[in-house]
Structures are given as C-alpha cells and as structure tokens.
Amino acid sequence: MRTPFIAGNWKMFKTVHEAVVYAKEFRSLVKDVTGVEIVVAPPFLAVHAVAEALRNSNVAVAAQDLYWEREGAFTGAVSAPMIKEAGAEFVIIGHSERRRLFGETDQAVNRKLLAALAANVGPIVCVGETLEEREAGQTLAVLDRQVRAGLDGLTAETVADLVVAYEPVWAIGTGKVATAAQAQEAHAHIRGRLRQWFGAHAADHCHIVYGGSVKPDNIAELIQEPDVDGALVGGASLDVKGFWNIVMKSQHAQGPQGTPGKTGKS
Ligand code: PEP
C-alpha cells in the first residue's frame, strides 16, 4: 500500500571524494528502478556534492542530523535551512547513536523535528528500545514515550508525511536482526498509536521503516510484513552493490502503490 522507502545511513564513513564516487555508481545501478523510494544519507560535508552527483536521478539525499536554531553562535552545529540549501530533502533525527553518544533527549528530537518541518525537510525519526528495555518487557512503553514526545505538536497532515524508523538499539550494527514478527509487532503498535493520536489518514500514510542489521539476505522477509514500509540501512549501505541489492529486493514488495511516496521520485 505504501511505496517502499529505503534509506542508507552512511554514518561517519566516506570522504567527499568517496561519497561522490559511490553516488555516481549507485545512480547508474538504480536508474531503472521504480516503485521504491531511495535515499542516501552521507556525512554533512558530503551532502552538497552527493546531491549534485544525484541531481535529476531517482535518489534523494538526507542529512544525518540538524540543530533546531536557524543560525547563531552554536559551534559545530548545522541548521535545517543549511542542509536544505545543500540539497538534503530528508534528515535523520533521533538516531540511537545520537541519543546514546550525544545525550539527545525526546525533547531535543521534537525540537529538531519541528525545525526540519519548518524548513520543508522531510524527517526520518528514529525510535527503538535497548536490549535491557526489551528484556524488561518495556518495548512498547518506550516506543509510546518516544513517539508521543518526539511528535508532540505535530498536525495530522505532517504526521502523514513523516518517516518513522523503528530501530531496536540491540539490532543496530550488531548483526542481530529483529525477526519479521518482532518488527511487525512494533510497527503495528506504532501505527496503532498514530491512529489513536493523529487519526486514520496520518496512520495509513506515515511510512514506518525498520532499521537494525538489514542486509541483502534479510530485507525480503522483513518487508513482506504489512506494517514494514521499508528500511533504514546502516553498515550494509556502505557497499554500493549491497545497497543496490537491498533496493532491488524491496521493489514492488508491497504491491501496487496506493499512497503517494515521500521523495516524489519513485
Ligand atoms: C542505522 O545506522 O540506522 C542502522 C540500522 O545500522 P545497521 O544497519 O548497521 O545496523
């Protein structure tokens, strides 16, 4: 029903030169792909060069973070209008590495989300529980807290346009992927909350993608689940052929397109 959305998060990998070499090869590999929305998220420094290398292609660019102020004395920070002008159509917000290593709170996630929307940059908002939280039976409560606080103040219309990434922290970069059933349970729960808090249109149109050790050999099973609308891929997106493979295996996974995509390029 929702066009599969596949985004590659390169984290702190690739120089500008390496990123452009990848982008040029990737654009030619996926040039005939339809029915999948494709996004790559290079480090800040490479956003502009990658966006240029992908101009007029079917691949959009995301930044990996932003700061909520427009400009000012915030050394090291980058704002939503800055990434937008550099060519980012999307931005990853609240990745667990930012929450864990940089102390990002749900409130910071919310401010960043509002700043992205104000600049017309599409947020990819990450939520997910730690292993400890899962083992304590707190997974759904943690998701409730992160979704409620993160999306505070959003309208139903903006929620419909969002991408939410369910990324169990224990599955990120560990090689331990959630089972399709675990992913579906979490995604269905999030969609249920979106329906309850923002209405049916928002819940049905919002993309909920899975992240956590997605690879060419497990994407097909995950994306068959009715509430898994794509993937946020870390490590496996660094290899151009591997990421291409993931895109190919997501193609038409959810049948005829029922709702418009987010990139406007699929
Ligand atoms: C990520 O960085 O969002 C991620 C899911 O990483 P990996 O695919 O490497 O687990």
Side-chain angles (χ1 to χ4, degrees), residues 4-14 18-19 22 26 36-44 46-47 50 59-66 88 90-102 104 109 112-113 116 122-131 133-134 139 142-143 146-147 150 162-180 182-184 186-187 190 207-223 225 227-250 262:
F5 182 101
I6 304 292
N9 172 17
W10 296 354
K11 312 193 187 201
M12 199 174 74
F13 290 99
K14 299 193 189 296
E18 290 163 347
Y22 179 118
F26 187 60
V36 186
E37 301 209 87
I38 314 166
V39 177
V40 292
F44 280 134
V47 164
V50 168
V59 185
V61 175
Q64 297 176 16
D65 186 31
L66 54 70
F90 294 90
V91 59
I92 298 171
I93 295 177
H95 191 282
S96 66
E97 285 152 16
R98 299 232 42 104
R99 293 180 191 255
R100 185 168 50 87
L101 302 172
F102 299 94
E104 208 159 290
V109 169
K112 291 182 175 194
L113 190 49
I124 302 170
V125 193
C126 302
V127 296
E129 81 288 358
T130 62
L131 184 58
E133 289 163 340
R134 176 163 280 267
T139 297
V142 168
L143 297 178
Q146 292 177 335
V147 173
L162 273 190
V163 178
V164 174
Y166 168 61
E167 299 209 308
V169 179
W170 48 270
I172 297 180
T174 58
K176 233 191 252 175
V177 65
T179 64
Q182 285 172 324
Q184 171 58 24
H187 286 223
I190 293 169
H207 275 67
I208 306 177
V209 303
Y210 169 80
S213 299
V214 170
K215 307 255 176 324
D217 63 5
N218 58 29
I219 182 66
E221 196 186 345
L222 287 160
I223 207 166
E225 295 294 334
D227 287 295
V228 177
D229 305 323
L232 180 54
V233 185
S237 72
L238 293 172
D239 174 62
V240 69
K241 293 243 167 62
F243 191 47
W244 169 57
N245 227 315
I246 290 171
V247 167
M248 295 308 284
K249 290 186 172 164
S250 313
K262 309 290 195 232

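One-based numbering, in listed order, for ligands and for the atoms of each.
Every residue two or more places apart in sequence or in another chain that forms a salt bridge (charged side-chain N to carboxylate O under 4.0 Å, His left out) with Glu129 is listed here: Arg134.
Of all non-hydrogen atoms in Val142 and Gly128, the two that sit nearest each other are CG1-O, 4.2 Å.
The shortest distance between side-chain heavy atoms of Met248 and Ile6 does not fall below 4.5 Å.
Residue pairs meeting the side chain to side chain donor-acceptor pair (under 3.5 Å) criterion with at least one partner in residues 211-222, sequence neighbours excluded, do not occur; the list is empty. Listed by first and then second residue, the side chain to side chain donor-acceptor pair (under 3.5 Å) pairs that reach into residues 232-245 come to none, sequence neighbours excluded.
In this structure, Phe13 has its ring center no closer than 6.0 Å to that of Tyr22.
Protein neighbours of ligand 1 below 4.0 Å, counting non-hydrogen atoms: Asn9, Lys11, His95, Glu167, Ala171, Ile172, Gly173, Gly211, Gly212, Ser213, Leu232, Val233, Gly234, Gly235.
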